[in-house]
Amino acid sequence: MRVLAAMSGGVDSAVAAARAKEAGHDVTGVHLALARNPQTYRTGARGCCTLEDSRDARRAADVIGIPFYVWDMADEFHASVVDDFVEEYAAGRTPNPCLRCNEKIKFEAVLDRAVALGFDAVVTGHHARLGADGLLRRSVDLAKDQSYVLAVLTREQLDRAMFPLGDWTKDRVRAEAAARGLAVADKPDSHDICFIADGDTRGFLEGRLGSAPGDIVDGRSGEKLGTHNGAYGYTIGQRKGLNLRVPAADGRPRYVLSITPVTNTVTVGPREDLEVDTVTATRPIWHEASGDVRCEVQLRAHGDVVPASVTVSEGNLTARLETPARGIAAGQAIVAYRPDPGGDIVLGSATITAGTRESAHA
Amino acid sequence: MAYLDHAATTPMLPEALDAYAAAAREIGNPSSLHAAGRGARRLVEESRERIAAVIGARPSEVIFTGGGTEADNLATKGIFWARRDEDPTRLRVVASSVEHHAVLDAVDWLGRHEGAEVTHLPVDDAGRVDPEEFAGLVRAHGEQIAVVSVQWANNEVGTVQPIPELAALASAAGIPFHTDAVQAVGQVPVDFAESGVAALTLTGHKLGGPVGVGALVLGRDVSCTPLLHGGGQERDVRSGTLDTPGVVAFAVAVETSVRARLEYADRVTALRDELVRRVLATVPDAIYNGDPERRLPGNAHFSFPGCEGDALLLLLDAQGIYCSTGSACSAGVAQPSHVLLAMGADDARARSSLRFSLGHDSTEADLDALLAALPGAVERARRAGAWKTPR
Ligand SMILES: Cc1ncc(COP(=O)(O)O)c(C=O)c1O
């Protein structure tokens, strides 16, 4: 097959490209230039987007012996990922930009262009398994598993995706990179949001959205407990940094329960009020039959899984959790898995709209 | 494999390669006083004389550099500094808007850091500078112009400028005129003295010599402040131990290519014309850019409407056809060519262009290979074309 390897400049995508070549494919490497001004992405953000990363990717492609090009995707990235990130926060939701980048950039803008140019598939260094059966599964390296941010891909997108690293641990990927003479072998992993170089998400949002003071209120009494400078600075489940003037009657800590952009209020309450047992979500990507499916759901990146029963109908997904979960934020993805010895299988995903408590508190 | 990128770099001529190898076996720093040094110096000075003879200059006017970029920087910055030292109000620098980045960025740097007032000369839709326009500029600013730089021939679209005419206007006003003749020497007639320019850049690797060696031909009476300070080896204008084998091979390449120019130009022009005819017959809506007449023999430059030049390059590369989009990379990302934009092309057309450049080893078979691959590549690139919304 003629395949296009998206090469970030990190170790994973370099080894993925090398493995695809070794598997006999005709591989072309492409680095995606995502920053409008790469200089601003230089400090702090590690793993993609900087000029050094572009050079690292090119050097890796040379070592592997494949053609290499840079594709300018800055406009697409800003429209689909960065602007969306800001809009989602402004709407009181908590987006996952990596997921969005997979959905809209790597497996849409890049894939579409690759297909038009005659490529059969896009290869990335994601840690997830995608075998001949077409099922997307967790990586063997559970600590590095990225199936959560890939579950948004449709059947058509998965049919043109290749993840050569899913059956390898990260340690093995690094060892393999070193053995192949790839200088990126010991490059640190990237963790930050690449377009927020200093890691200060709140500062970034404040720069984009300006300050918008509003009230912090008690979820049970409705009483005003304090003020905030912008509801986007808060995440469901957050406890620190609330700076409440009025202490809780029972003296126990309070948590962010919800964010209401229309009234610009942040609602807080005790920990048990964070618990939800029903999650509703929209825009499902569902690979299973539409009945009631018993499975496990994951409600945030790197979050624990919860047993649940999931129904999908008319553009909505509802999950009834067998044990309550806390800190469920709208905008995050719910991903359903079926446990499997060959790697838990992704059944589908959707974007969370609400978490509610249907049964009485225990 | 079809190498259609001779304007980027061209294979070394066998004569130059042999001369390089022979000189590289010898020991000696041309600045040393002993016999080994004298041997090296003799090689360097003979090389200087050979270049001077075929380029229409005196040997003392040939200043060896580490290539075209250095010579362009030396000419623009060095002459600017020297002229400003003579008269601190003399701050204007004039360069055509289609210069190579080695001139353009040097001049921009003077604007940003040295107080220069930079004027870019516009070009018409074929990439030509208008002598009338230049004359007007000289009339308006006269002696306040520190230095002028207009390339002899353009590296992207191949347009040849009326250098003697422009240089005469400058020298009548006492203004030193520099020309970047990197793409012109060995391709079109270039004579330093006859052209009336004050300074002229050439480089080895565009005419069959090695990379990393070139020269600034600098008129004896033109003052120029050095960029590189040190041993003062080259007329005190340029320092650094000379690369004897590089200089020797460079001189052989200049001499050989200039002497063979007529025969070369006839053959390569005919081949280029055939390439243009076949491309336009195969892709009827392709646009042939540049000046159809006053043009480098080996240059064919097209816009392919609806295609990204980048996509075409990738597709042709995959089939062993090597060409160039001509666009420079800014921060790793291809920008639309400033040359095409200066010629009035819009962003989409600038991004849709591709340069094929022929050289001394180009053959009919290269054209066949290109024409076999081009229609499919254009069709695919068109399908992918909608990919990018113009900025
Ligand atoms: C017109 C022109 N000027 C200057 C240069 C730079 O010369 P060099 O590569 O020797 O530094 C080139 C070639 O890249 C060129 O085409």
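Remember, predicted model here, so these are calculated numbers, not experimental data. Per chain, numbering begins at 1; letters A, B, ... match sequence-line order.
The nearest pair of heavy atoms linking A384(B) to L117(A) is CB-CD2, 3.6 Å. Scanning both residues, A318(B) and R2(A), for their nearest heavy atoms gives CB-NH2, 4.2 Å.
When side chains are defined from C-beta on, D310(B) does not count as touching W71(A), because their heavy atoms never get closer than 4.5 Å. Counting heavy atoms from C-beta outward, R113(A) and E308(B) have side chains that approach closer than 4.5 Å.
Atom CG of D72(A) is separated from atom CD of Q335(B) by 7.0 Å, given to the nearest 0.5 angstrom.
With a 4.5 Å cut-off on non-hydrogen atoms, R58(A) does not touch chain B at all. Heavy atoms of F68(A) lying under 4.5 Å from chain B are absent altogether. For a residue to count as touching a neighbouring chain, one of its non-hydrogen atoms must lie under 4.5 Å from one of that chain's; by this rule L315(B) touches chain A with the side chain only.
Listed by chain and residue number, R382(B) satisfy the salt bridge (Lys or Arg N to Asp or Glu O under 4.0 Å) test with D285(B) (two or more places apart in sequence, or in another chain). Qualifying salt bridge (Lys or Arg N to Asp or Glu O under 4.0 Å) partners for D346(B), counting only residues two or more places apart in sequence or in other chains: none.
When the shell of 6.0 Å around CZ of R202(A) is examined, it contains more than 12 heavy atoms from other residues, nucleotides or ligands. Annotation for R283(A): atom CZ does not count as buried by contact number, only 12 or fewer foreign heavy atoms lying within 6.0 Å.
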